[in-house]
Amino acid sequence: MSITLLSSPLQGFTDFRFRNAFHKHFGGIDTFYSPYIRLNGKLEIKASYERDILPENNTTLEVIPQVITNDPDEFLFVAKYVQSLGYKELNWNLGCPYPMVAKCGMGSGLISNTERINNILDRAHSETDIIVSMKMRMGYENPTEILDVFPILEKYPIKNIAIHARIGKQLYKGDVDLDSFQRCLEVSKHKLYYNGDITSVEKFREMRERFPSIDHFMIGRGLIADPFLPSMIKNNTTEYPEDRFKIFQAFHDEIYQAYDAFLQGPTPIRMKMLGFWEYFSQAFPDTQKTFKKIKKAQNSRVYEQAVKEIFAAR
């Protein structure tokens, strides 16, 4: 059985600049999901969302736009907007675990509201011809919430459901709940994708062995912490290329230059790259020392020198 690997969207990280550079330097991801579009009650698309999914900014890879909402009018507005750009599919986020989202009844906080889910899907399928796919947690409070949603979803031709095997309240803490994911496999009639804690080739092999019927796997934080992971999974190897850190540095330099050209002022670019290095540093033997070196860099000149020293030491 061939394996399809998908990039789980991470807000603030996996925009088109990251995606294009990742695809160029590492590969291994078959489909990227864009970070979600959120309207906040206004039927208008922010410029940042538009830039992220414009076809001309995504010419070398397959991208599926994503929306987060609990409002049918918002869903329809975004569906028609992405269709105007040539997209045929819209992914609906019922997975975001962050309290500020969940407490508004969106993301994983919407899973327990089966009536609202049904209303949105009914209108999406009766008023548009958009293909709908979904990304979900197993619930917000407990992992059985999703079981009450499946009968609703079976009324509609959902393309697939990617399930992160945690509940929303966990955020990214604690272990994934593989027994509850297995229960989803037994109950759902839709095609399911697995998401959650694929952080190494060994972890992937464990998940593949545990769920042999799954042929689509979604990688989120593990993809940023170890950008070689998808291609290594595809090549069934635990060996990194000999020029591992040369490739990594070229990738870093490309996204750094792209964000530096776009962001205004030294503080935004510093905070942007600091966020990336929380993950990147995990690829280095002394993770804490590496991240501390980046954290101490208070301006671009010092930052660039720190990066050179980090890579030169490998």
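Put simply, Leu178 and Ile163 are part of the same group of oily side chains (I, L, V, M, F, W, Y) that touch within less than 4.5 Å, one to the next. Under a hydrophobic clustering in which Ile, Leu, Val, Met, Phe, Trp and Tyr are joined whenever their side-chain heavy atoms come within less than 4.5 Å, directly or via other members, Val82 and Tyr33 fall into different clusters. Under the 4.5 Å side-chain heavy-atom criterion for grouping Ile, Leu, Val, Met, Phe, Trp and Tyr, Phe204 is connected to Leu229 within one hydrophobic cluster.
Contact check on Arg123 versus Asp73 returns a salt bridge, with a Lys/Arg side-chain nitrogen under 4.0 Å from an Asp/Glu carboxylate oxygen. Under 4.0 Å is where a charged nitrogen must lie from a carboxylate oxygen, and between Arg166 and Asp197 at least one such pair does. Salt bridge status for Glu202 with Arg205: absent, with no side-chain N to carboxylate O gap under 4.0 Å. Salt bridge annotation for Lys191-Asp215: present, with a cationic side-chain nitrogen under 4.0 angstrom from a carboxylate oxygen. Using a cutoff of 4.0 Å between basic side-chain nitrogens and carboxylate oxygens, Lys308 and Asp253 are not scored as salt-bridged.
Ring geometry for Tyr256 versus Tyr303: interplanar angle of 30 to 60°, hence tilted. The aromatic rings of Phe245 and Phe248 sit parallel to each other, their planes meeting at less than 30°, with 60° as the upper class boundary.
Across all non-hydrogen atoms, the minimal contact from Pro9 to Ser34 is CB-O, 3.4 Å. The two residues Gly168 and Ser108 make their nearest non-hydrogen contact at CA-OG, 3.6 Å. A pairwise comparison of heavy atoms in Leu10 and Thr14 identifies N-OG1, 3.0 Å as the closest pair. The minimum heavy-atom distance between Ile294 and Ala306, with the atom names listed, is CD1-CB, 4.5 Å. For Leu171 against Pro99, the heavy-atom pair with the smallest separation is CD2-CD, 4.1 Å.
Arg19 and Asn58 form a side-chain donor-acceptor contact under 3.5 Å, judged by distance and modelled atom types alone. Thr4 and Asp30 are not linked by any side-chain donor-acceptor pair at a separation below 3.5 angstrom, with hydrogens and angles left out of the test. A side-chain donor from one of Asn142 and Thr144 sits under 3.5 Å from a side-chain acceptor of the other. When only modelled atom types and interatomic distance are considered, Glu154 and His190 share no side-chain donor-acceptor pair under 3.5 Å. There is no side-chain donor-acceptor pair under 3.5 Å between Asn118 and Arg116. Under 3.5 Å, the side chains of Gln11 and Tyr98 contain no donor-acceptor pair of N or O atoms.
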Could you walk me through whether Asp179 and Arg210 satisfy the salt bridge (Lys or Arg N to Asp or Glu O under 4.0 Å) test, starting with their C-alpha distance in whole Å, then the side-chain angles of each, then the deciding distance to 0.1 Å, before giving a yes or no? CA-CA 10 Å; Asp179 290 338; Arg210 175 71 188 268; 2.7 Å; yes
Could you go step by step and tell me if Gln182 and Leu185 meet the side-chain contact (heavy atoms from CB on, under 4.5 Å) rule? CA-CA 5 Å; Gln182 178 64 45; Leu185 279 175; 4.0 Å; yes
Hey, mind stepping through Asp15 and Tyr259 against side-chain contact (heavy atoms from CB on, under 4.5 Å) and telling me if it holds? CA-CA 11 Å; Asp15 68 0; Tyr259 287 119; 2.5 Å; yes
Salt bridge (Lys or Arg N to Asp or Glu O under 4.0 Å) between Asp129 and Lys88, intermediate numbers included: CA-CA 8 Å; Asp129 60 354; Lys88 294 179 171 58; over 6 Å; no
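Between His216 and Phe211, the gap from one ring centroid to the other reaches at least 6.0 Å. Centroid-to-centroid, the aromatic rings of Tyr193 and Phe217 stay 6.0 Å apart or farther. The six-membered or imidazole ring of Phe251 lies near that of Phe18, with a centre-to-centre distance under 6.0 Å. For Phe284 and Phe291, the gap between ring centers reaches or exceeds 6.0 Å. Note: Phe16 and Phe32 fail the aromatic proximity criterion, with ring centroids not under 6.0 Å apart.
Contact annotation: the side chain of Tyr36 never approaches that of Val78 to less than 4.5 Å [non-hydrogen atoms, C-beta and beyond]. Put simply, the side chain of Asn299 does not reach to within 4.5 Å of the side chain of Pro266, judged on heavy atoms. The closest side-chain heavy-atom distance from Leu110 to Trp92 is below 4.5 Å. The closest side-chain heavy-atom distance from Tyr172 to Pro97 is below 4.5 Å. Using a 4.5 Å heavy-atom cutoff, the side chains of Val132 and Leu121 are in contact. Looking at Lys234 and Leu5, their side chains come closer than 4.5 Å, going by heavy atoms from C-beta outward.
The only option from Arg137, Gln66, Lys135 that meets the side chain to side chain donor-acceptor pair (under 3.5 Å) definition with Asn93 turns out to be Gln66. Between Glu309 and the choices Lys289, Lys293, Lys296, the salt bridge (charged side-chain N to carboxylate O under 4.0 Å, His left out) rule is met once, by Lys293.
Judged purely by atom type and a 3.5 angstrom limit, Ser8 has no side-chain atom pairing as donor or acceptor with the backbone of Met218. Gln170 contributes a side-chain N or O that, together with a main-chain N or O of Ile167, makes up a donor-acceptor pair within less than 3.5 Å.
The line from CD1 of Ile146 to CE of Met136 is 4.0 Å long, rounded to the nearest 0.5 Å. A distance of 11.0 Å separates CD1 of Ile269 from CG of Leu274, quoted to the nearest 0.5 Å.
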